[in-house]
Amino acid sequence: MSLRVYNTLSGKKEIFEPLVPGKVGMYVCGVTAYDYCHIGHARANIVFDIIYRYLQFLGYEVKYVRNYTDVDDKIIQRANERGIDSRVLAEEFIQAFDEDMASLGLALPTCQPKATEHIDQIIAIVKRLIERGLAYESAGDVYFAVEKFPDYLKLSKRNMEDMRSGARIAPGEQKRHPMDFALWKTAKPGEPCWDSPWGPGRPGWHIECSAMSMEFLGESFDIHGGGKDLVFPHHENEIAQSEGYSGKPYVKYWIHNGFVNVNQEKMSKSLGNFFTIREIHKSYDPEVVRFFILTAHYRSPIDFCDQNLQEARAGLTRFYEALQGAAEAVAGLEPDGGGSEEGAALEDRFREAMDDDFNTAQAIGHLFDGVRAINRHCTTKKFRKKPELVASVRDLRQTVLRLGAVLGLFQSDPRTWLEQQKLAALSRLDIDVQQIEQRIAERNQARRDKDFARSDAIREGLEDKGIVLLDTAQGTDWKIK
RNA sequence: GGCCCCGUCGCCAAGUGGUAAGGCAGAGGUCUGCAAAACCUCCAUCACCAGUUCGAAUCUGGUCGGGGCCUCCA
């Protein structure tokens, strides 16, 4: 079965066939650098990180471009509020973005261009759009004339009549049609600006993505992605500008990820109910966040709340415990190198799920089956004397790790990861490691004395504080309840 | 007002014509001095109604409920 992707343009799942066999050009709208990234940015970037990784896993040579928009009304406004230069502000948040994405374990895109480094290309596109009669100058601004582009609104599937009521003209704008949008804005005093045929000014919001995508990927390319909220107006306007400029189809597959809700409520800048990635990391490991996001399909809405994150942590812990168990179970045994039927079957099902519009939720479901198989084998009596089971466990472990890598999961050392989670959880409790170990020593003495009443009392006392004791052949360990 | 999406077990969440993945929680069992983990077993007919079909959670129409876009937002 081949890869199928949902294309916003057609509203259907389509067989994925890149323009050039074996190669994929992919552009994803990055951030406007004026604030810290929130969980919505995390989702979008994780989703496209997975798409990038999976395309590579399938053997495609992928050129992945993700931009920084570093000149924009909001950047200027925020910089003015803080009394600093807008370029300084943009740099600050670009750096923060890079740190946040790295913390989430994202693979680096092939190119990460900045809008301000592509002003020449932007001006060239605007000039040509004017020459072609698709744009016009008006008091130093340049607007795109949407009525001159018959395909306008083909992505968002609306019509001009319906949109008209919502469209408005801001004071100072001199547009011919309310839906026309700015390609170039004349500079106001104190704003960053560049020379242009229309006087000093700066790009409008959408044009930078047309310029950067076509610069790196050509006038037609395979995949353009972003959050659902960008369909209109951002991506619609990109199509108008780019196709108006080149006369060619701009993008073959438009891919949009769904929203993140917070406690069942729409998250938005205006409501102010968003969490930054930095805040979230104080409570949850970045991999837990990634795991949570990938347990839903990328187009479905997800609800960001404590319960869901805690469940994600429990699920991820199950993976790491199984991987740790598998590593211990086969330690010291002669490797036989070969694969296994179970491992191969797992990979087949994983690919089948991912081929169906990157269904990570289903793919993770299959990986859970792999976990159960590992655990089942490892707990089989005389496991180490059964070569088929040993081979299966070894192969399943490697398969889970290898497929996990496609999702950006399970790549930490299990023992280290589990230990970190334990200590992080402990720091929120009213007890420390020394106290726990003290109690364990007392209990072990009681057990040696066959004083089980005292032993159980200690167990229960610790449990009240959130600590569960685990008796193993190697001694007594503990974990957070 | 226009356009669009969704409603699957207690919770989360896949499944878009062939008879309901998975996780969490729950019940029983194996193991354990007792526990925990792990493993085994069990646990839904898909908001409602009416159609199409040999067959529908999946298609059509309607009802009820929830949400999104049309304004900055991933």
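Throughout, protein chains are lettered first and strands after them, A, B, ... in sequence-line order, and every chain is numbered starting at 1. Computation of the quantities below employed the complete heavy-atom set of this structure, encompassing side-chain atoms and omitting hydrogens, waters and symmetry-equivalent molecules.
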Counting just side-chain N and O atoms, does A:Asn359 come under 4.0 Å of either OP1 or OP2 of B:A14?
no
Tell me if the side-chain of A:Arg318 makes a donor-acceptor pair with the base of B:G23, cut-off 3.5 Å, by modelled atom types.
no
Closest to the A:Arg376 side chain, choosing from B:A74, B:C39, B:C69:
B:C39
Among B:C34, B:C24, B:A37, which nucleotide has an atom closest to any side-chain atom of A:Lys479?
B:A37
Verify the contact: side-chain N or O of A:Lys381 to OP1 or OP2 of B:C39, cut-off strictly under 4.0 Å; return yes or no.
no
Would you say the side-chain atoms of A:Asn359 pair up with the backbone N or O of A:Gln362, donor to acceptor, closer than 3.5 Å?
yes
So, under a plain 3.5 Å distance rule, would you say the side chain of A:Arg43 forms a donor-acceptor pair with the base of B:A74?
no
Do we get A:Lys185 above A:Trp205's six-membered ring, with its NZ or CZ under 6.0 Å from the centre and within 45° of the axis?
no
Rounded distance in Å - CZ (A:Arg459) to P (B:A37)
11 Å
Is a donor-acceptor contact shorter than 3.5 angstrom present between the side chain of A:Arg443 and the base of B:G33?
yes
Phosphate OP1/OP2 of B:A36 contacted by A:Trp478 side-chain N/O (<4.0 Å)
no
Side chain of A:Leu470 only, please: which of B:C69, B:A36, B:C72 is the nearest?
B:A36
Pick the closest RNA chain B nucleotide for A:Ala453 and for A:Lys13 by heavy atoms, then say which residue is nearer the 5' end.
A:Lys13
I'd like a table of atom pairs between the protein and nucleotides 6-13 of chain B - only N or O on both sides, under 3.5 Å - with the distance next to each one.
| residue | atom | partner | partner atom | Å |
| --- | --- | --- | --- | --- |
| B:C11 | O2' | A:Gln307 | NE2 | 3.0 |

Figure out the CG/P separation between A:Asp100 and B:A74, and round it to whole Å.
13 Å
State whether A:Arg349 places a side-chain N or O below 4.0 Å from either non-bridging phosphate oxygen (OP1 or OP2) of B:G15.
no
Under 4.0 Å between a side-chain N or O of A:Arg372 and OP1 or OP2 of B:G23?
yes
Between CZ of A:Phe452 and P of B:G33 the distance, given in whole Å, is 8 Å
Provide, to the nearest angstrom, the distance between the CG atom belonging to A:Asp73 and the C1' atom belonging to B:U71.
13 Å
Within the distance-only criterion (no hydrogens, no angle test), does the side chain of A:Gln95 pair as donor or acceptor with the backbone N or O of A:Glu92 below 3.5 angstrom?
no
